[in-house]
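Worth knowing before you read on, the calculation uses all heavy atoms, side chains too, and leaves out hydrogens, waters and symmetry mates.
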Amino acid sequence: MAIVEFIGDLPVQDPPEEEFSAADLTWTKFGTAEHHDDAALIPYDRVDEFIIGEGSNLECPTRFHIERGRKRKMGSLKEYKDDEYLEYRMYWCSFGPENYGEGGSILPSRRYRLNTRNRAARPQSMRGCTCNFVVKRLYARPSLALIIYHERRHVNKSGFVCHGPLDRDAIGPGAKTVPYICNEIQQQTMSMIYLGIPEENILEKHIEGIQRYCGSNAKVNSLASQYVHKLGMIIKRSTHELDLDDQASIRMWVERNKKSIFIYQDTSEKDSFILGIQTEWQLQQMIRFGHCSLIAADSTFGIKRLKYPLCTLLVFDSRQHALPVAWVITRSFAKPDVSKWMKALLDRARSVEPGWKISGFLIDDAAAETDPIRDIFCCPILFSLWRVRRSWLRNIVKKCNNIEVQREIFKRLGNIVYGIWGGNGTLGALEELTQEFVDQTAFMEYFKSSWVPKIEMWLSTMRSLPLASQEASGAIEAYHVKMKVKLFDDSHLGALQRVDWLVHKLTTELHSSYWLDRYADECDSFQNVKEEYIASTSWHRALQIPDSAVSLDDKDHLYAKVLSQKDSSTVHLVWNPGSEFSFCDCAWSMQGNLCKHIIKVNMICESRQGYQPSMSFQSFKELLMSLLKKPMDDSVALDQSMAWTMQMFDQIRKLVEVTSSNDIGTVVNNLPLQWVSKKGRTGVGKPSTSLALPSGSIDTNRAAAARKKNRKRKRLSRLR
């Protein structure tokens with residue numbers, strides 16, 4: 001077969017099938033005589049259909065993941081060849097190539113041992129498959145994609161088929177009837193087992209999944225039943241104690257789960273214990289939902305009950321629910337240690353997506369170190385009130401018996417917080433609160449010992465940082481409550497001082513719960529799970545309450561009434577409406593939570609006269625006013641304020657456009673294309689030109705120019 005050296009000689013192929021594979025394309029040898037690969041040219045907008053079709057190969061069904069990727073901006077290259085890329089993606093079969101089976105019969109990537117004499121091909125085994133290809137979106141022709149196949153066969157380094165029905169090591173002569181179980185099906189089955197769903201229901205869903213690949217027959221159903229039963233027994237018999245010594249047990253867990261660790265620092269005389277956990281699925285969700293969006297921290301969880309406090313990093317998914325994407329277990333909040341794990345987390349994300357960045361970081365602890373966030377993530381910092389509000393309300397309800405006293409104390413504390421913008425002095429307000437409620441001995445002792453010494457620090461943080469919205473605070477609180485239920489179960493109270501137990505609970509039950517929630521929502525399956533997931537935050541529950549169910553006290557603005565949707569004879573009273581420190585008499589609010597009735601009342605109060613604005617809106621307003629008041633003359637400070645204001649105005653305008661549009665496609669089509677490159681280059685892109693010379697001279701000159709260009713790039717890289 002002739003070797004083609006120029007992309008212009010390749011024909012553009014556009015198969016008529018909705019999904020197509022390599023078998024539907026005509027492949028051409030592309031490159032030089034010394035090095036060449038199979039290549040084909042297709043429309044760029046059909047790349048996803050090719051990847052789906054290629055993964056549906058009956059002989060070797062699989063999925064392809066992005067091993068690495070790079071992007072460039074249009075116009076970033078001054079000169080370029082015809083095969084230069086705008087976007088570069090390397091796709092690799094999910095059965096490789098991280099390990100090739102070294103280290104014994106139990107592969108390191110397996111989280112458990114399959115108690116069987118024969119090894120079935122499973123994606124988590126990473127069986128060393130070398131099948132991979134590259135997709136280049138061409139710089140000179142952005143509407144086309146060049147596919148370069150480095151290895152089209154699903155074989156290992158020895159040249160043997162390593163997965164699928166043709167794999168001799170699968171289950172001997174019955175390999176053709178072994179059901180294909182992809183990562184998605186296996187994770188679904190494991191999640192259902194961890195959540196305690198009956199085995200009959202698990203088996204039904206498991207069979208539905210594998211029938212997409214191998215059809216339905218009695219043999220497949222029998223093997224599926226054995227698989228589900230065996231996996232259930234393995235999970236039920238698994239234990240968090242890999243060693244009697246907790247520290248040794250953690251070392252063993254880290255050694256076996258390196259792919260789920262982004263930082264590990266053992267305890268020593270100089271260093272504090274740090275363990276950063278992030279599964280591959282969590283990494284995908286962080287890149288997907290965290291890019292150009294917000295990350296929030298639920299910090300210092302279990303600081304009194306666990307051996308080491310737990311910090312959770314959260315992103316807000318497509319429904320604005322808080323989704324855990326990383327867990328950090330450490331007792332150290334020192335700036336160097338915080339910088340270590342933050343930098344390790346960012347480096348891991350950018351190793352997959354080089355241009356990944358966030359727009360803001362939400363903190364809930366006034367004592368948290370903010371310098372590492374600004375230095376590493378280079379983004380604004382927001383403060384969420386949910387932890388302060390929850391702590392105050394829980395202790396007021398617990399230590400004060402009279403409900404009228406409860407709501408009045410809570411209102412006074414809210415007034416102190418609202419007073420950060422020009423209100424009465426904090427010391428005077430605290431002294432007045434102490435004198436007026438001197439008979440509430442239990443609460444006042446708690447407040448004086450726990451909050452009075454540090455309340456100025458908290459109020460200063462609220463004054464200096466923008467405040468997060470009630471929706472964000474409610475989402476973080478919903479995650480906190482769910483995690484508390486999962487971890488502080490009475491049956492596990494004896495294990496709270498073991499780190500291996502905490503790691504086991506996080507990576508099994510809690511991880512599986514959120515995975516199944518997202519899967520049910522995106523695939524529109526498990527309707528009961530999906531409905532519970534959608535209604536898991538007070539904000540979404542508040543949206544189900546009609547406006548007609550809320551009645552306000554328009555005269556004195558003291559309270560609001562909310563008619564219960566479950567029992568029409570029940571009415572909930574919300575005192576101090578319009579404030580984050582509203583007090584509701586429902587059971588959920590009396591546990592210290594931000595309830596749906598308060599959120600619904602505050603939604604309605606936003607459009608009514610006479611009610612104070614939310615603290616997040618007030619914070620935003622104060623920020624704009626400070627920008628307006630900052631320049632004292634016609635100086636550079638005026639230019640900076642104008643630039644910041646216009647940037648914020650543009651972002652708000654785009655947000656309003658997205659939220660108010662009925663057709664999201666119209667908004668997307670109006671957005672400019674932006675390509676992010678790992679190494680940016682300056683200059684105006686223009687095609688290279690050459691004189692009309694004989695073909696031999698052209699090749700010689702082109703090779704010499706390429707060598708000269710490479711030497712120049714190497715010199716520049718050394719200077720950088």
Side-chain angles (χ1 to χ4, degrees), residues 298 301 305 321-322 364 384-414 440 442-443 446-447 470-491 493 513 517 528-529 531-553 558-605:
D298 175 14
F301 177 88
R305 304 180 68 179
H321 290 10
D364 59 1
S384 175
L385 295 169
W386 80 270
R387 186 179 295 277
V388 182
R389 184 190 184 280
R390 179 182 175 84
S391 178
W392 287 353
L393 183 56
R394 281 171 59 88
N395 282 278
I396 288 173
V397 174
K398 180 180 179 181
K399 301 179 187 298
C400 302
N401 297 324
N402 191 317
I403 191 170
E404 294 181 358
V405 174
Q406 293 172 357
R407 64 194 184 208
E408 186 61 27
I409 293 179
F410 198 52
K411 180 180 179 180
R412 293 292 188 88
L413 292 175
Q440 303 299 321
F443 176 76
Y446 153 77
F447 192 76
Q470 287 189 88
E471 182 178 11
S473 298
I476 300 172
E477 185 180 71
Y479 165 78
H480 180 86
V481 172
K482 182 174 182 177
M483 180 170 62
K484 191 172 183 179
V485 172
K486 291 285 185 184
L487 295 185
F488 293 161
D489 186 357
D490 291 341
S491 60
L493 292 181
S513 175
D517 286 343
N528 57 335
V529 176
E531 291 172 2
E532 291 179 5
Y533 158 72
I534 294 174
S536 60
T537 65
S538 297
W539 182 273
H540 280 263
R541 292 194 293 269
L543 295 177
Q544 306 305 314
I545 302 176
D547 293 351
S548 58
V550 179
S551 58
L552 300 174
D553 174 26
L558 295 178
Y559 62 88
K561 295 181 179 181
V562 183
L563 184 65
S564 174
Q565 301 301 297
K566 295 181 179 179
D567 184 4
S568 58
S569 62
T570 302
V571 176
H572 297 287
L573 280 177
V574 177
W575 291 86
N576 194 21
S579 168
E580 272 88 343
F581 293 86
S582 300
F583 187 94
C584 181
D585 59 2
C586 71
W588 185 247
S589 179
M590 298 299 279
Q591 296 176 24
N593 303 305
L594 181 62
C595 71
K596 61 182 178 181
H597 309 109
I598 292 176
I599 293 178
K600 182 63 181 181
V601 169
N602 290 350
M603 287 179 179
I604 295 178
C605 290

Exercise. For Ala475, does its backbone N or O pair with a side-chain atom of His321 as donor and acceptor, under 3.5 Å?
Worked result: no
For this session: Would you name the heavy atoms of Lys600 and Ala542 that are closest together and state the gap between them?
Result: CD-O, 3.4 Å
Seminar exercise, completed: CE of Met590 to CZ of Phe583, rounded to nearest 0.5 Å, is 4.5 Å
Problem set entry | Any Ile599 side-chain heavy atom under 4.5 Å of Arg541 side chain | no
Seminar exercise, completed: Tightest non-hydrogen contact, residues Gly592 and Arg394, listed as CA-CG, 3.5 Å
Exercise. What pair of heavy atoms forms the shortest contact from Leu385 to Ser473, and how long is it?
Worked result: N-OG, 4.1 Å
Problem set entry | With Asn576, the side chain to side chain contact (heavy atoms under 4.5 Å, CB included) member among Arg412, Glu408, Lys411 | Lys411
Exercise. Is there a donor-acceptor pair closer than 3.5 Å between any side-chain N or O of Ser391 and the backbone N or O of Val388?
Worked result: no
For this session: Report the C-alpha distance between Met603 and Gln470 in whole Å, list the side-chain angles of each, state the deciding distance to 0.1 Å, and finish with yes or no for side-chain contact (heavy atoms from CB on, under 4.5 Å).
Result: CA-CA 10 Å; Met603 287 179 179; Gln470 287 189 88; over 6 Å; no
For this session: Report the C-alpha separation of Asp553 and Lys561 in whole Å, then their side-chain angles, then the decisive distance to 0.1 Å, and conclude whether the salt bridge (charged side-chain N to carboxylate O under 4.0 Å, His left out) test is met.
Result: CA-CA 8 Å; Asp553 174 26; Lys561 295 181 179 181; over 6 Å; no
Exercise. Do Pro577 and Ile604 have side-chain heavy atoms sitting under 4.5 Å apart?
Worked result: no
Problem set entry | His597 side chain vs Val574 backbone, donor-acceptor pair below 3.5 Å | no
Problem set entry | Pairwise distance CD1(Ile598) to CD(Glu580) - rounded to 0.5 angstrom | 10.5 Å
For this session: Verify side-chain contact (heavy atoms from CB on, under 4.5 Å) between Ile403 and Trp575, making sure each step is shown before the conclusion.
Result: CA-CA 11 Å; Ile403 191 170; Trp575 291 86; over 6 Å; no
Exercise. Do other residues, nucleotides or ligands put more than 12 heavy atoms under 6.0 Å from the NZ atom of Lys399?
Worked result: yes
Problem set entry | Carboxylate-amine/guanidinium contact Asp364 Arg390, below 4.0 Å | no
Seminar exercise, completed: Here the gap from Phe410 atom CZ to Phe581 atom CZ, rounded to the nearest 0.5 Å, amounts to 6.0 Å
Seminar exercise, completed: One should read off an interatomic distance between Lys596 NZ and Cys584 SG, to the nearest 0.5 angstrom, of 10.0 Å
Exercise. What distance do Leu594 atom CG and Ile476 atom CD1 have between them, rounded to the nearest 0.5 Å?
Worked result: 11.5 Å
For this session: Before giving the answer on side-chain contact (heavy atoms from CB on, under 4.5 Å), spell out for Asn593 and Ser538 the whole-Å C-alpha distance, their side-chain angles and the decisive distance to 0.1 Å.
Result: CA-CA 9 Å; Asn593 303 305; Ser538 297; 5.9 Å; no
Problem set entry | Nearest heavy atoms of Asn602 and Ser582, plus distance in Å | OD1-OG, 3.8 Å
Exercise. Where does the angle between the aromatic ring planes of Phe443 and Phe447 fall among parallel (under 30°), tilted (30 to 60°) and perpendicular (over 60°)?
Worked result: parallel
Exercise. Once you round to the nearest 0.5 Å, how far does CG of Asp517 lie from CD1 of Ile534?
Worked result: 10.0 Å
For this session: Evaluate whether atom CG of Asn401 has more than 12 neighbouring non-hydrogen atoms of other residues, nucleotides or ligands under 6.0 angstrom away.
Result: no
Exercise. Side chains of Lys398 and Tyr446: does their closest heavy-atom pair fall under 4.5 Å?
Worked result: no
Problem set entry | From CA spacing to verdict: ring-ring contact (aromatic ring centres under 6.0 Å, His included), Phe488, Phe301 | CA-CA 11 Å; Phe488 293 161; Phe301 177 88; 5.4 Å; yes
Exercise. So, does Asp567 use its side chain to make a donor-acceptor pair with the main chain of Ser569 at under 3.5 Å?
Worked result: yes
Exercise. Does a side-chain heavy-atom distance below 4.5 Å link Gln591 with Val397?
Worked result: no
